[in-house]
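Structure first, commentary second.
Reminder, nothing fancy here: chain letters follow the sequence lines and each chain counts from 1.
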There are 2 protein chains.
Amino acid sequence: MRRKPGALLPIEEAILAAGLDLRRGGSSEFHGFSIAKRMQDIGEAQRLTAHGTLYKALGRMEAAGLLQSRWEEPDLALAEGRPRRRLYRMTGTGERAASTIRTESERPILGRQAGLAPS
Amino acid sequence: MRRKPGALLPIEEAILAAGLDLRRGGSSEFHGFSIAKRMQDIGEAQRLTAHGTLYKALGRMEAAGLLQSRWEEPDLALAEGRPRRRLYRMTGTGERAASTIRTESERPILGRQAGLAPS
DNA sequence: CGATTATAGGAAGATATCTGCCTGATGCCA
DNA sequence: TGGCATCAGGCAGATATCTTCCTATAATCG
């Protein structure tokens, strides 16, 4: 499946929306697994039990400059007895793309043109 | 199920045996998941697909002084794209217990008395 | 020897990320 | 408008460790 240059796929929109919500809630960073759970909670997007879709989308979005990631401190993960997390943050580009989503959501007639630059 | 004071359970013997084999093969350290796979390969012990048994046994053996563990360098795990490993090494006590296993394996008539000190 | 107690076994799930493979969908070109 | 090429979706598995809960088993005591 190919995408229109500059367009966002539904899952990418969902990720950006989740990032905005978390930002609003005081957390500027999030990790893949929490996004997956969040999407399950609100019954949004595909179930994503197969995380393949999500993690691939995260990878694409980072490559496209919408997100930026870093690995969390290893000792923190050990202290909490769980695997290490890859933490994501929205870039300025991502925030603008997210804003455009909301704007366009209010105007469904218009085509979507924000987001990813053509490769 | 309770154990006789000082006795080793079959799974603990299997772990020590695996540790000796790895030692012989040049690796002084091993991690839980590799032991699990090793046991599956040689069809030994219970299948251990439910790793609960193995990791609990590893924990008991460390508490009993037979093994000693450390977490591997986090960057190494990242570089290899996998979760971090907990590396185990046999202590002197563990080696002696392992030796006693072999000795007693050759003399099945005798009862087993090596290994764990009574609590 | 039987009852009781204590501990191990086993299954399942949790946490978190990533990849391979195959199928399906979308954009572009003629 | 249809065909082709490219890329995303989806599933399943992989890697690695740990915990909960319930059952089963073994040791101890009377």
Q.
Please give me every residue in residues 68-86 of chain B whose heavy atoms get under 4.0 Å of an atom in DNA chain D, ordered by residue number.
A. B/Trp71, B/Arg82, B/Pro83, B/Arg84, B/Arg85, B/Arg86
Q: Mark up nucleotides 20-30 of chain C, 5' to 3', with B wherever a protein heavy atom is under 4.0 angstrom from a base atom, S wherever such an atom reaches only the sugar-phosphate, and - elsewhere.
A: BB--BBBBS--
Q) With B/Leu22, which of B/Arg38, B/Met90, B/Glu29 fulfils side chain to side chain contact (heavy atoms under 4.5 Å, CB included)? A) B/Arg38
(Q) Tell me the interatomic distance from B/Leu54, atom CG, to D/dA16, atom P, rounded to whole angstroms. (A) 13 Å
Q) Whole-Å distance between C/dA8 P and B/Leu8 CG? A) 12 Å
Q: For the pair B/Arg85 and B/Glu73, find out whether any cationic side-chain nitrogen is under 4.0 Å from an anionic carboxylate oxygen.
A: no
Q.
Check A/Glu12 with A/Arg3, please: is the shortest side-chain N to carboxylate O separation under 4.0 Å?
A. yes
Q) Are OP1 or OP2 of C/dC18 and a side-chain N or O of A/Tyr55 less than 4.0 angstrom apart? A) no
Q. CZ of A/Phe33 versus C1' of C/dA14: gap in Å, rounded?
A. 7 Å
(Q) Is the shortest side-chain heavy-atom distance between A/Leu66 and A/Glu62 below 4.5 Å? (A) no
(Q) If you define the side chain from C-beta out and look only at heavy atoms, does anything of A/Leu78 sit under 4.5 Å from B/Arg84? (A) yes
Q | A/Arg60 CZ to D/dG10 C1', straight-line distance once rounded to whole Å | A | 12 Å
Q. Within a strict 4.5 Å, meaning less than it, do heavy atoms of the B/Leu67 and B/Phe30 side chains meet?
A. yes
Q.
Using whole Å, what does the distance between atom P of nucleotide D/dT17 and atom CD of B/Glu62 come to?
A. 12 Å
Q) Whole-Å distance between D/dT17 P and B/Leu67 CG? A) 13 Å
Q.
Rounded to whole Å, how long is the line connecting atom CD1 of A/Ile11 with atom C1' of D/dG9?
A. 8 Å
(Q) Please tell me if A/Lys37 has a side-chain N or O lying less than 4.0 Å from either OP1 or OP2 of C/dT15. (A) yes
Q | Least distance between heavy atoms, A/Phe33 atom then A/Tyr55 atom | A | N-OH, 3.4 Å
Q) Does a salt bridge link B/Glu72 with B/Arg86, judged by any charged N lying under 4.0 Å from a carboxylate O? A) no
Q) Would you say the side chain of B/Glu95 lies within less than 4.5 Å of the side chain of B/Leu16, judging by non-hydrogen atoms? A) no
Q: Figure out the CG/C1' separation between A/Leu87 and C/dT15, and round it to whole Å.
A: 14 Å
